Enquirer: 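Encoded as structure tokens, here's the structure I'll be asking about.
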Amino acid sequence: MSRKFFVGGNWKMNGDKASLGELIKTLNSVKLDPNTEVVCGAPSIYLEFARAKLDPKIGVAAQNCYKVKGGAFTGEISPAMIKDVGVHWVILGHSERRWVFGETDELIGQKCAHALENGLGVIACIGEKLDEREAGITEKVINAQTKHFADNIKDWSKVVLAYEPVWAIGTGKTASPAQAQDVHDKLRQWVKANVSEAVANSVRIIYGGSVTGGTCKELGGMKDVDGFLVGGAALKPEFVDIINAKQ
């Protein structure tokens with residue numbers, strides 16, 4: 001089955017209207033591969049700005065949301081609010097939410113269920129830390145994280161799985177193409193065994209972890225790498241090269 005290549009740009013807590021406006025101008029003015037789906041993850045305060053300025057063919061994602069529609073949850077935003085400003089994606093389970101802000105697998109699963117119920121697409125992040133990879137438990141860790149997502153997903157058509165080895169995020173280290181392919185293949189086998197063969201064949205599994213214009217083509221050539229979730233490079237002109245990695 002042909003899976004549409006997917007490139008997400010996670011701007012994290014970076015930028016202002018001036019710098020993001022320049023980035024958006026660049027993305028709007030260059031030729032992007034029409035066979036690649038592109039989604040930019042903006043800080044919540046700039047979601048409406050990004051959606052208003054970006055070409056409609058480029059999607060926008062919130063970087064997080066909570067598990068209920070509204071209430072006394074200071075600092076949080078809900079899927080309903082995200083949709084209200086014209087945004088249709090959310091990134092959930094990013095390692096920084098897990099390891100900096102202490103989000104549990106259970107909470108992330110609940111947030112995923114609520115986001116999907118409210119019509120958002122979910123970029124569902126999983127990945128192991130360096131000590132876990134060195135201990136040889138990568139597969140065990142990512143399977144457990146994926147299970148908490150799977151337990152909360154009824155419709156996989158709006159889900160993209162993002163494998164992000166924590167040791168490769170913002171470090172300049174990148175999993176080799178062979179390492180990325182190996183994990184993605186095992187992930188797909190897990191989905192086949194625990195969800196269904198149809199979902200395993202159709203779900204997009206993207207790679208994140210210091211992806212650059214220099215590494216994207218070889219990574220993107222792997223059979224089970226269906227795109228990227230890009231951090232630092234998503235704020236630079238080379239993001240265009242990453243989007244066009246399959247050309």
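Computed from a predicted structure; not experimentally measured. Atom set for the values below is all heavy atoms of this structure, side chains included, hydrogens, waters and symmetry mates excluded.
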Enquirer: First locate atom NZ of Lys217, then atom CD1 of Ile242, and finally report the distance between them rounded to the nearest 0.5 Å.
Expert: 11.0 Å
Enquirer: Minimum heavy-atom separation for Thr146 to Ile126, with atom names?
Expert: OG1-CD1, 3.3 Å
Enquirer: Indicate yes or no: at least one non-hydrogen side-chain atom of Leu20 is less than 4.5 angstrom from one of Trp11.
Expert: yes
Enquirer: Quick one: closest heavy-atom pair of Cys40 and Leu27, and the distance?
Expert: SG-CD1, 4.0 Å
Enquirer: Tell me, yes or no, whether the heavy-atom count around Gln189 atom CD, taken from other residues, nucleotides or ligands under 6.0 Å, exceeds 12.
Expert: yes
Enquirer: So, for Thr174 and Ala168, which heavy atoms are closest and what is the spacing to 0.1 Å?
Expert: CA-CB, 4.2 Å
Enquirer: Identify the two heavy atoms, one from Asn14 and one from Pro43, that lie closest to each other, and give their separation to 0.1 Å.
Expert: O-CG, 3.8 Å
Enquirer: Would you mind checking if Lys25 and Glu22 are paired as a salt bridge, meaning a charged N to carboxylate O distance below 4.0 Å?
Expert: yes
Enquirer: Please examine the side chains of Val68 and Ser78, heavy atoms only from C-beta on, and report whether any two atoms are closer than 4.5 Å.
Expert: no
Enquirer: Between Arg97, Arg98, Lys147, which is the residue that forms a salt bridge (Lys or Arg N to Asp or Glu O under 4.0 Å) with Asp105?
Expert: Arg98
Enquirer: Please check if the side chain of Asn10 supplies one atom and the backbone of Gly231 the other of a donor-acceptor pair under 3.5 Å.
Expert: no
Enquirer: Check whether any side-chain heavy atom of Asn201 lies under 4.5 Å from a side-chain heavy atom of Lys192, and answer yes or no.
Expert: no
Enquirer: Any heavy-atom pair between the side chains of Phe5 and Val7 that's under 4.5 Å?
Expert: yes
Enquirer: Determine the interplanar angle of the Tyr163 and His184 rings, folded into 0 to 90°, and report it as parallel if under 30°, tilted if 30 to 60°, perpendicular if over 60°.
Expert: perpendicular
Enquirer: State plainly whether one hydrophobic cluster holds both Val90 and Val159, where clusters connect Ile, Leu, Val, Met, Phe, Trp and Tyr through side-chain heavy atoms under 4.5 angstrom apart.
Expert: yes
Enquirer: Tell me, do Leu47 and Ile45 make a side-chain contact under 4.5 Å, heavy atoms counted?
Expert: no
Enquirer: How far apart are the closest heavy atoms of Pro79 and Asn118, and which atoms are they?
Expert: CB-CB, 3.8 Å
Enquirer: Evaluate the ring planes of Phe73 and Tyr66, with Trp represented by its six-membered ring, and classify them as parallel (under 30°), tilted (30 to 60°) or perpendicular (over 60°).
Expert: tilted
Enquirer: Do we get Lys173 above Trp167's six-membered ring, with its NZ or CZ under 6.0 Å from the centre and within 45° of the axis?
Expert: no
Enquirer: Is the count of non-hydrogen atoms from other residues, nucleotides or ligands lying under 6.0 Å from Gln181 atom CD greater than 12?
Expert: yes
